Participant: 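Have a look at the structure that comes next, please.
All figures in this text were calculated on a predicted structure; none of them were measured in a lab. Atoms considered below: every heavy atom in the structure, side chains included; atoms not considered: hydrogens, waters and symmetry mates.
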Amino acid sequence: MKDDIKDYLTYKGVEWEESADLMEVASKCDVVYQTPIQRERFGERINLYEEARGKYIVDHGVLSVMQKHAVVMHPLPRLDEITVDVDADPRAAYFRQAKNGLYNRMALLKLLLLGW
């Protein structure tokens, strides 16, 4: 996380913690929100992209330490940051997340086009 964001959170009195250990964090969280590493954000620093890509992958090992009520979310489409075998786990919420997003967009479009 960038320093300006951490400074803002601290300024607002928000408690936060940074960790590089996905397994430790996943065992404590209610929600794991996994996003893809976006190559375009690295510009010419391809070596940094390659270093970051694949570092944090949600797989059955991560699921095994997660709490039973926890969920895995993702904005989709995914690349390789969540293995396909995670899809069958009921804690994989990303397809439900996408479906709910579709219904929200439909409702907003109806509101904008037809009114209340």
Side-chain angles (χ1 to χ4, degrees):
M1 198 174 346
K2 292 186 177 180
D3 287 337
D4 62 324
I5 296 172
K6 293 188 276 190
D7 293 342
Y8 181 77
L9 292 172
T10 301
Y11 173 74
K12 289 293 188 178
V14 175
E15 291 184 33
W16 59 272
E17 181 181 335
E18 207 167 26
S19 174
D21 186 344
L22 177 59
M23 299 298 266
E24 177 191 355
V25 172
S27 70
K28 299 176 183 177
C29 296
D30 293 322
V31 176
V32 172
Y33 192 91
Q34 179 73 306
T35 58
I37 302 290
Q38 296 175 310
R39 184 181 185 145
E40 61 273 12
R41 299 213 185 250
F42 286 85
E44 300 296 320
R45 303 167 300 169
I46 302 301
N47 58 329
L48 291 177
Y49 167 75
E50 291 299 332
E51 184 182 319
R53 186 172 170 253
K55 189 172 184 178
Y56 301 107
I57 295 178
V58 175
D59 57 14
H60 272 294
V62 175
L63 290 177
S64 71
V65 300
M66 287 176 59
Q67 301 175 54
K68 296 298 177 200
H69 68 273
V71 295
V72 178
M73 298 180 76
H74 188 285
L76 296 179
R78 69 173 159 209
L79 298 172
D80 56 359
E81 60 277 352
I82 300 177
T83 58
V84 203
D85 54 344
V86 171
D87 296 353
D89 193 289
R91 294 171 292 180
Y94 33 89
F95 295 126
R96 295 188 308 271
Q97 176 186 352
K99 186 177 178 181
N100 290 335
L102 170 70
Y103 294 142
N104 279 304
R105 287 188 294 281
M106 289 170 61
L108 288 171
L109 283 172
K110 178 190 177 290
L111 180 65
L112 290 171
L113 296 173
L114 303 175
W116 190 258

Participant: Are any side-chain N or O atoms of Gln67 and backbone N or O atoms of Lys28, one a donor and one an acceptor, separated by less than 3.5 Å?
Facilitator: yes
Participant: Any side-chain heavy-atom pair from Phe95 and Leu76 closer than 4.5 angstrom?
Facilitator: yes
Participant: Could you measure the distance from the CD1 atom of Ile46 to the CD atom of Glu51? Nearest 0.5 Å is fine.
Facilitator: 13.0 Å
Participant: Does Lys6 form a salt bridge (charged side-chain N to carboxylate O under 4.0 Å, His left out) with Glu18? I'd like the steps, not just the answer.
Facilitator: CA-CA 10 Å; Lys6 293 188 276 190; Glu18 207 167 26; 3.2 Å; yes
Participant: With ILVMFWY side chains joined below 4.5 Å, transitively, what does Trp116's cluster contain besides itself?
Facilitator: Leu111
Participant: Could you tell me if the side chain of Tyr94 sits less than 4.5 Å from the side chain of Pro75, heavy atoms only?
Facilitator: no
Participant: Check whether any side-chain heavy atom of Leu109 lies under 4.5 Å from a side-chain heavy atom of Leu114, and answer yes or no.
Facilitator: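 Side chain of Leu109 against side chain of Leu114, heavy atoms only: no contact under 4.5 Å found.
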Participant: Might you point out which heavy atoms bring Gly61 and Ser64 nearest each other, and give the distance in Å?
Facilitator: O-OG, 2.6 Å
Participant: Give a yes or no on whether a salt bridge exists between Asp7 and Lys12, defined as a side-chain N under 4.0 angstrom from a carboxylate O.
Facilitator: no
Participant: Set out, in order, the CA-CA distance, both residues' side-chain angles and the distance that settles side chain to side chain contact (heavy atoms under 4.5 Å, CB included) for Val71 and Val32, then state yes or no.
Facilitator: CA-CA 6 Å; Val71 295; Val32 172; over 6 Å; no
Participant: Could you tell me whether the side chain of Leu9 reaches within less than 4.5 Å of the side chain of Met1, counting heavy atoms only?
Facilitator: yes
Participant: Residues sharing Ile37's hydrophobic cluster, by side-chain heavy-atom contacts under 4.5 Å among ILVMFWY, directly or via others?
Facilitator: Phe42, Leu48, Tyr49
Participant: Start with the C-alpha gap between His60 and Asp85, add the side-chain angles, then the distance that decides, and say whether side chain to side chain contact (heavy atoms under 4.5 Å, CB included) holds.
Facilitator: CA-CA 8 Å; His60 272 294; Asp85 54 344; 2.9 Å; yes
Participant: Above 12 or not: heavy atoms from other molecules or residues under 6.0 Å from CD of Glu40?
Facilitator: yes
Participant: Would a 4.5 Å heavy-atom cut-off, applied to side chains only, mark Glu24 and Ser19 as touching?
Facilitator: yes
Participant: Measure across Val86 and Ile82 and return the closest heavy-atom pair with its distance rounded to 0.1 Å.
Facilitator: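 Result for this residue pair: CB-CG2, 3.8 Å.
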Participant: Are any non-hydrogen side-chain atoms of Met73 and Val31 less than 4.5 angstrom apart?
Facilitator: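 Met73 reaches Val31 side chain to side chain.
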Participant: Checking Arg78 against Asp87 for the salt bridge (charged side-chain N to carboxylate O under 4.0 Å, His left out) test, could you report, in this order, the C-alpha distance in whole Å, the side-chain angles of both residues, the deciding distance, and whether it holds?
Facilitator: CA-CA 12 Å; Arg78 69 173 159 209; Asp87 296 353; 2.6 Å; yes
Participant: Could you grab the distance from atom CD1 of Ile5 to atom CH2 of Trp16, nearest 0.5 Å is fine?
Facilitator: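 Those atoms lie 10.5 Å apart.
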Participant: Return the CZ to CD distance between Arg39 and Glu50, rounded to the nearest 0.5 Å.
Facilitator: 6.0 Å
Participant: Return the OH to OG1 distance between Tyr56 and Thr35, rounded to the nearest 0.5 Å.
Facilitator: 12.0 Å
Participant: Please determine whether a side-chain nitrogen of the Lys or Arg among Asp89 and Arg91 lies less than 4.0 Å from a carboxylate oxygen of the Asp or Glu.
Facilitator: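 Looking at Arg91 together with Asp89, the answer is yes, because their closest N to O distance falls below 4.0 Å.
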Participant: For residues Gln97 and His74, is any side-chain donor paired with an opposing acceptor at under 3.5 Å?
Facilitator: no
Participant: Taking all non-hydrogen atoms of both residues into account, name the closest pair between Met23 and Val65 and its distance.
Facilitator: O-CG2, 3.6 Å
Participant: Return the CE to CG distance between Met66 and Asp30, rounded to the nearest 0.5 Å.
Facilitator: 9.0 Å
Participant: Just verifying a value: how many Å separate Asp80 CG and Ile57 CD1, rounded to the nearest 0.5 Å?
Facilitator: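 Here the interatomic distance stands at 5.0 Å.
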